[in-house]
Chemist: 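Pasting a structure below so you can have a look.
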Number of protein chains: 2
Amino acid sequence: MRPPGPVRTFRIDLGYDGTDFFGSQRQPGVRTVQGELEAAVARLAGEPTRVTLAGRTDRGVHAVGQVASLTLRWARSAAELARALMALTPDDVVVYGAQEVAPTFHARFDARWREYRYFVWEGSPAVLLRRSVWQVRRGLDLAAMEMATGAFVGQQDFAAVAGDGTGVPGGGVNTVRTVSLARWRVVEAPFERTARGGRLLEFAIRADGFLPHMVRNIVGALVAIGRGEQPVSWAAELLASRDRRRGGAPAPPQGLVLWRVAYADDPNGVE
Amino acid sequence: MRPPGPVRTFRIDLGYDGTDFFGSQRQPGVRTVQGELEAAVARLAGEPTRVTLAGRTDRGVHAVGQVASLTLRWARSAAELARALMALTPDDVVVYGAQEVAPTFHARFDARWREYRYFVWEGSPAVLLRRSVWQVRRGLDLAAMEMATGAFVGQQDFAAVAGDGTGVPGGGVNTVRTVSLARWRVVEAPFERTARGGRLLEFAIRADGFLPHMVRNIVGALVAIGRGEQPVSWAAELLASRDRRRGGAPAPPQGLVLWRVAYADDPNGVE
């Protein structure tokens, strides 16, 4: 039985712990964020309903600022939709809220910029944070990493830090993006005894769009510089080469969090 | 085959994510921290070996400052023992280090004081921190909680906040303890967007010893005051009653972390 109610479009703000997901996008036979969301919405709508996610996240990558759009028959309030979705989704997904939007709203295509944060824990083993940090040995040269970070800011061709073959010369994909912000910060690490020797580094990066693996490849390059494996100047050289094959290994997925997706009519201020 | 080497006693510093443990103390048929540690040590020692833990933690409670003592035949260095234990224990246990100590050292009886921290997340749903916080609704009166906290400091009879029957009048257990520090702090919350509305509160408490459920009962009482369910004066009244039956529900286990155990000859400074 299809529930009564007009056809309406909603924006859903959500987050997830990516540890036990095979990424955000629906795939047959595996647990994905889109799959779990669509299963929950189907129960509410009484029919299969497509959910669109603003940002695609890889297997193991988290989100605290993911945005979804969906269109369904719904007679109750947006807040009741958010509560119903929260109740029907598993523990590792949270629904922050829902708002009705214009029928033309598209979570992915309407996004103006996205922000990711990447967390690096440097020092003695982390235990309570281990599912959301990249653990590296002590001795990172943060000043060198900060200097090299500037190379990735601005409108540039990011082919050298794009994964999935998009960075191969002649691949035919537009790999130009505009990074409007990239910075490192040492943040407080609750749940771990930093006095034992250790610090939590947070890398924030904001752009109009991101190529596959782009953040993880940039962090991987910056940590190679922080370890002294490459000079500061290598960041700009790598980028100028436009050749993915010159880069190193990407940073692992568990340190990456989709932090925020911004829209033109977003009522929330910049944080 | 028993490995060669003299019989030596070691102090092991360790941490664990308590989520998937049935507490710290060995129990037949369930996964415990002591059980996992003793299994690892038995493989190194070639024979069953008892491990003593400084602090007993309940099911679901974490540690980043647990201390163990053990005596075994070991021919290599303390650092090699730490590395071997790290390699043989599961992902949710970390070994920070090992040091050789006097044969009389006892992790539990030699402890001078212990410190626990309890984490409360107030506001929009937490996802990446959900395994190590107590999530409560917004609106806690932190100033009231801070005022009430003073009632628990000093040498007092803590029967009213002791679990497991120890607080029943006439139970015959000494329920006097000395709390040397108790304070609340708002801490930075990496991995969650506090701009969405939310804050992370950290409660630190240090004492010569803790009764079962003591920290969780104190936090439960202070949060009841923060919610306005009880006046500030209730903390002192509850304690003076010496009657566990007057208290409310304990705070849930996942917010609690055994932070540090201090010894007379501890080389580490106060943090």
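All values below come from the heavy atoms of this structure, side chains included, with hydrogens, waters and symmetry mates left out. Numbers restart at 1 for each chain; the letters A, B, ... are given by sequence-line order, proteins then strands.
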Chemist: Determine the minimum heavy-atom distance between A/Tyr96 and B/Val127, stating which atoms define it.
Modeler: OH-CG1, 3.9 Å
Chemist: Quick one: what part of A/Val95 sits under 4.5 Å from any heavy atom of chain B, side chain, backbone, both or neither?
Modeler: backbone
Chemist: Does A/Asp17 reach the side chain of B/Phe191, with side-chain heavy atoms less than 4.5 Å apart?
Modeler: no
Chemist: Run the salt bridge (charged side-chain N to carboxylate O under 4.0 Å, His left out) test on B/Arg193 and A/Glu115 for me, step by step, so that the C-alpha distance in whole Å, both residues' side-chain angles and the decisive distance to 0.1 Å come before the verdict.
Modeler: CA-CA 12 Å; B/Arg193 273 180 55 193; A/Glu115 180 176 328; over 6 Å; no
Chemist: Mind listing the closest non-hydrogen atom pair of A/Pro190 and B/Leu200 along with its distance?
Modeler: CG-CD2, 3.7 Å
Chemist: If you draw a 6.0 Å radius around CZ in B/Arg43, do more than 12 non-hydrogen atoms from other residues or ligands fall strictly inside?
Modeler: no
Chemist: Picking from A/Gly18, A/Ala126, A/Ser132, which has the most non-hydrogen pairs under 4.5 angstrom with chain B?
Modeler: A/Ser132
Chemist: Which one of A/Ala63, A/Pro125, A/Gly65, A/Gly97 has the most heavy-atom pairs closer than 4.5 Å to chain B?
Modeler: A/Pro125
Chemist: If you define the side chain from C-beta out and look only at heavy atoms, does anything of B/Phe119 sit under 4.5 Å from A/Leu128?
Modeler: no
Chemist: Given the options B/Val133, B/Val94, B/Leu129, B/Asp91, which has more heavy-atom pairs under 4.5 Å with chain A than any of the others?
Modeler: B/Val94
Chemist: Which residue out of B/Asp92, B/Val257, B/Val93 racks up the most heavy-atom pairs below 4.5 Å with chain A?
Modeler: B/Asp92
Chemist: Count the heavy-atom pairs under 4.5 Å between each of A/Met86, A/Arg131, A/Glu202 and chain B, then report the option with the highest count.
Modeler: A/Arg131
Chemist: Using heavy-atom distances under 4.5 Å, tell me whether A/Val187 contacts chain B through its side chain, its backbone, both, or neither.
Modeler: both
Chemist: Side chain from CB out, backbone as N, CA, C, O: work out which of these in A/Glu192 comes under 4.5 Å of a heavy atom of chain B, or both, or neither.
Modeler: both
